[in-house]
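Note on naming: letters A, B, ... go to the chains in the order of the sequence lines (proteins, then strands), and numbering restarts at 1 for each one. Since this is a predicted model, take the numbers as computed values, not measurements.
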Number of protein chains: 2
Amino acid sequence: MNMKRASGNRVCSVARTLEILGDRWIFLILREAFFGVRNYDQFLSNLGIATNILSSRLKTLVAHGIMEKQQDRKDARRIRYRLTEKGLDLYTIVLAFMQWGDRWLADADGPPLELYHKGCGRRLEPVMNCAACGKTVHAHEVGYVEKKPFQTPKKSTT
Amino acid sequence: MNMKRASGNRVCSVARTLEILGDRWIFLILREAFFGVRNYDQFLSNLGIATNILSSRLKTLVAHGIMEKQQDRKDARRIRYRLTEKGLDLYTIVLAFMQWGDRWLADADGPPLELYHKGCGRRLEPVMNCAACGKTVHAHEVGYVEKKPFQTPKKSTT
DNA sequence: AAATTAGCTTGCATTATGCAAGCTGTTTTG
DNA sequence: CAAAACAGCTTGCATAATGCAAGCTAATTT
């Protein structure tokens, strides 16, 4: 959580996002949350995380509006941590992690977890598409333009 | 780079991926690489990263086959670090970071960097689609099945 | 009333990070 | 062709983050 300017000098949403999310545990907590985990002790036992780290990470997630706390009516000790809209919107990142791992790090048994798309009922293999033309986007097909000009590169990608 | 079992007890590609990539600097290096940066000193000046950290991160990226080193023929001092296929395939993660940041962290001026899709020439807004049915996937529509059963939750998402 | 549970906080040893300095092999310069 | 500059590192040391164990508080359960 310390980094003068986590970006270096390029102004970029990647850097901004990483200033909040740039921590293994944060993503693992989010993964659990996407899989339905809601309470401190479930995160704790599922992740094997230290208690101080867990509470500090939950705190930053709440502080950034990614999760919100609510009391359980039936048990006042229990706090439910749930994803806000802002937090739910992070599922693309979690899916992207999972897919890359499935493709490049899977062992012989194949991916340990299979996703399915409730909409169509089939196995979900997420792909990145261009919202404008609908086609799948590959790394080489991404170009960029800097809105606030800076020192570094010019155009192109890869 | 230390974590008994970065996953906790859930077997998951997210955890495996994070064991390699779970570091801010790694992602920022990857971002630079996607934007065309190739050399040590460019990474160094663009990121404002410490030299020991940069070389250690580049080393792990190379060790995991995400980047590869090659000598520059014209200048033997110069080493080019370039993304392998495995590394290029991480662009979905970088795009997902950028998009979330654009949506939730942008200031009044809008996103600092605009991507375009070389295929269609239009502004690229990446969306996650289901490869099977082609539709855009939303967080609530993702279900999962654990292949190697473990202790934790059951089904559903969110 | 005593024990248990959920969700924390605190203290302390270990590990990672950031900074500055230095080192090694190439070019480039005068 | 010697001196300076450059690219890509490594090393040492101070500071910050992490992990572990223990303890603490308020709300249940027994």
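Per the geometry, CG belonging to B:L44 stands 12 Å off C1' belonging to C:dG18, to the nearest Å. In this structure, CD1 of A:I26 is placed 14 Å from C1' of D:dT18, rounded to the nearest angstrom. For A:Q70 and C:dG7, the CD to C1' distance is 16 Å, given to the nearest whole Å. The distance between atom CZ of B:F43 and atom C1' of D:dC9, rounded to the nearest whole Å, is 15 Å. Rounded to whole angstrom, the span from the CZ atom of A:R78 across to the C1' atom of C:dT5 amounts to 8 Å. Following rounding to the nearest Å, B:L28 (CG) and C:dG18 (P) show an atom-to-atom distance of 11 Å. Note: CG (A:L54) to P (D:dT18) measures 13 Å, nearest angstrom. If you take CD1 of A:I49 and P of D:dG19, they are 7 Å apart, rounded to a whole angstrom.
Counting non-hydrogen atoms under 4.0 angstrom, B:Y81 reaches the backbone sugars and phosphates but no base.
Residue whose closest nucleotide on DNA chain C sits further toward the 5' end, between A:N52 and A:R80: A:R80. Comparing A:D75 and A:I53 by the nucleotide of DNA chain D that holds the closest heavy atom to each, the one mapping nearer the 5' end is A:I53.
OP1 and OP2 of C:dG18 both lie 4.0 Å or more from every side-chain N or O belonging to B:R24. OP1 and OP2 of C:dG7 both lie 4.0 Å or more from every side-chain N or O belonging to A:R77. Within the 4.0 Å cut-off from OP1 or OP2 of D:dG8, not a single side-chain nitrogen or oxygen of B:K59 is found. Distances shown here put a side-chain N or O of B:K69 below 4.0 Å from the OP1 or OP2 atom of D:dC9. Using a 4.0 Å cut-off, no side-chain N or O of A:W25 falls inside it from OP1 or OP2 of D:dT18.
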*Hey, mind stepping through B:L54 and B:Y40 against side chain to side chain contact (heavy atoms under 4.5 Å, CB included) and telling me if it holds?*
CA-CA 8 Å; B:L54 176 58; B:Y40 185 91; 3.7 Å; yes

*Checking salt bridge (Lys or Arg N to Asp or Glu O under 4.0 Å) for the pair B:D75/B:R77: CA distance, chi angles, key distance, verdict?*
CA-CA 5 Å; B:D75 186 340; B:R77 291 173 303 181; 2.9 Å; yes

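The existence of a salt bridge linking B:D107 and A:R16 is confirmed by a sub-4.0 Å separation between a basic side-chain nitrogen and an acidic carboxylate oxygen.
Remark: the backbone N or O of B:N46 is not paired with any side-chain donor or acceptor of B:E32 at under 3.5 angstrom.
The side chain of A:S55 lies closest to C:dC8, out of C:dA6, C:dC8, D:dT18. Side-chain proximity of B:T51 to C:dG18, D:dC9, D:dG19: nearest is D:dC9.
Applying the ring pair (Phe, Tyr, Trp, His ring centres under 6.0 Å) test to every pair with at least one member in residues 42-88 of chain A, sequence neighbours left out, gives no pairs at all.
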